[in-house]
Amino acid sequence: MVTPRDYEGIAVIAPNTLPYTKTSEHEAMWFIGRTLAEMLSSAGLEKSDVDGLSIASFTLYPDTAASVADHLGIQLRWLEQLPFGGASGVMALRRAARAVQSGEAEIIACIGADTNLRGSFQKLVSGFSRFSSAEIYPYGATGPNTVFALITSHYMNEYGVTREDLGRLCVDQRANAVAASQALFKEPLTIDDYLNARPIVEPLHLYDCVMPCAGGEGFLVTTVERAKSLGVPYASILASAECHNAYSTDPIMRRSGWSVYADDLYNQAGVGPKEIDVLETYDDYPVISFIQMEELGFCPAGKAAEFIRSFTRPSDSQGMSHNASGGQLSCGQAGAAGGFLGITEAIRQMTKGQSKNSSAAARHAMVSGYGMVNHDRGICTAATIIGG
Amino acid sequence: MHNLTFLRCKDCETFQYPSREVCRQCLSDQFTSSPVSERGLVLAVAKVHHSLEDRCRQYLPFSIGRIVLNHEICVMAYLPPDIEAGDKVFVSQVDGPIDAVVFAATREDDYEQAAALKTNNEPWKTRGKNEQ
């Protein structure tokens, strides 16, 4: 197998979160444009400095990334749009890094953003893909909730995992959200709150499900040289990988692409799971975070329920924290921004002082993405290890 | 009992579900419609309490399952309330609550309920004892 080259000379800067709202009358273009404006302001850059753009947005349609260049008045020599849901952020990062590394562009803005107009979520899920419109939506019109309720139920039965085990993850993430104080859900969550919450699609109850909302997340990829000349803190990419449509013949999802490349990630980064200080998993549902932890080598299959008891707070100088800003389960899922939330938080954690909920001792972060429930499971996975 | 039919590649004989125009195994575009036994095994069950469509809301709560048929074809199916993972079921096709043909399943040894499915006694209209 060919070993990919390293990411020497690449800097990831200017993580920005445009505050989330439950609904919005703005269009997706507003969220993309304002996220870009905030990123540039935080880095001391002008719009004309940006020569590359990578966009992920469900509600941008019928517009495209080309429309973004037109609306926002930017001339570009590198342009990309990623329709990969929650894997888009990591995929944007690794593509932008190679483009900058090879000199195709110097400053690439990577943005995931979506609006949430009333009724738009139902429209999105009912027409999400040919397979899901025909063979999933007619079963109760629940969006992905039934798909992941079945996956959760199967996982719970296979490994003897309880609702309380899964709930412990939600409680832990909420504690991080409370400390970070930028999430839509900022009140502490107890395990009793979790267990007593109303059912949505059993075994999933209210706090197992992310809240669709509006918002934006973004970061810039550039050279170390440029980051230093700007005088801004930057994170480095130590490793990254992706794998799509893995184990497609499994009758129900119980694993996905992460296990295909986990060893390669750690070999490329020169660190192991024990050296990861902050882990950002894609938490569309607690069971998927559990599966990511297991497949990415943090614990054996079926043992995530025990493993999560070891999590520390992001501000602790020891141990590993998880979903340091609260994850989507506490922050909400602003469409495609959900795939970027883990990266922006990981960059903050690695570039000391940008988050009030971080530790100066944290050196390595891992971000994992998952997306595009084309039929009965997510198709896309991607992961990266970054360092501060 | 009528068998279910699914698309099958003429060249490599792989079943295709969901239907598509190019074989997922060999990329051929030549297909036949091939019968598959109605017998299936329940892999997992979920109970729906919240729906995005009014036409489903009137029947809440109802159960949906993931069923594996022969040839490793896996389908969603509406279930009666008492089915659990590991149960053996008969699967039929019925008109669903939102303008689509859907799969519905009954317990394998419940011949009466299986026959009732053929006359459209839809499982999403059957609530459990403690919901009535």
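Letters A, B, ... are given to chains in the order of the sequence lines, protein chains preceding strands, and every chain is numbered from 1. These numbers were taken from a predicted model, which means no experiment stands behind them.
Ranked by non-hydrogen atom pairs under 4.5 Å with chain A, the options B:I98, B:I73, B:V75 are led by B:I98. For chain B, the option among A:A134, A:P199, A:S126 with the highest count of heavy-atom pairs below 4.5 Å is A:P199.
The local environment of CZ in A:R130 is sparse, with at most 12 non-hydrogen atoms from other residues, nucleotides or ligands closer than 6.0 Å. Within 6.0 Å of atom CD in A:E158, more than 12 heavy atoms from other residues, nucleotides or ligands are found, so the atom counts as buried in its surroundings. Sparse packing is recorded around CD of A:E27, with 12 or fewer heavy atoms of other residues, nucleotides or ligands lying under 6.0 Å away. Around the OH atom of A:Y61, the shell of radius 6.0 Å holds no more than 12 heavy atoms that belong to other residues, nucleotides or ligands. Around atom NZ of A:K186, more than 12 heavy atoms belonging to other residues, nucleotides or ligands sit under 6.0 Å away.
B:S63 contributes atom OG, which lies 14.5 Å from atom OH of A:Y139 (distance to the nearest 0.5 angstrom). Put simply, NZ on A:K123 and CG on B:L52 are 14.5 Å apart, with the number rounded to the nearest 0.5 Å. To the nearest 0.5 Å, atoms NE2 (B:H50) and CG (A:L204) are separated by 13.0 Å. To the nearest 0.5 Å, atoms NE2 (B:H49) and OG1 (A:T142) are separated by 12.0 Å.
Scanning both residues, A:G140 and B:S51, for their nearest heavy atoms gives O-OG, 2.6 Å. Between B:V102 and A:P138, the shortest heavy-atom distance links the atoms CG1-CB, 3.7 Å. Residues B:L43 and A:P251 approach most closely at CD1-CB, 3.6 Å, considering heavy atoms. Looking at every heavy atom in both residues, B:R66 comes nearest to A:L150 through N-CD2, 3.9 Å.
Looking at B:P18 and A:H375, their side chains come closer than 4.5 Å, going by heavy atoms from C-beta outward.
For A:N145, no part sits under 4.5 Å from any heavy atom of chain B, backbone or side chain. Interface residue B:F62: only side-chain heavy atoms are found under 4.5 Å from chain A. For B:V48, the parts lying near chain A are the backbone and the side chain together; criterion is any non-hydrogen pair under 4.5 Å. With a threshold of 4.5 angstrom between heavy atoms, B:R20 approaches chain A through side-chain atoms but not through N, CA, C or O.
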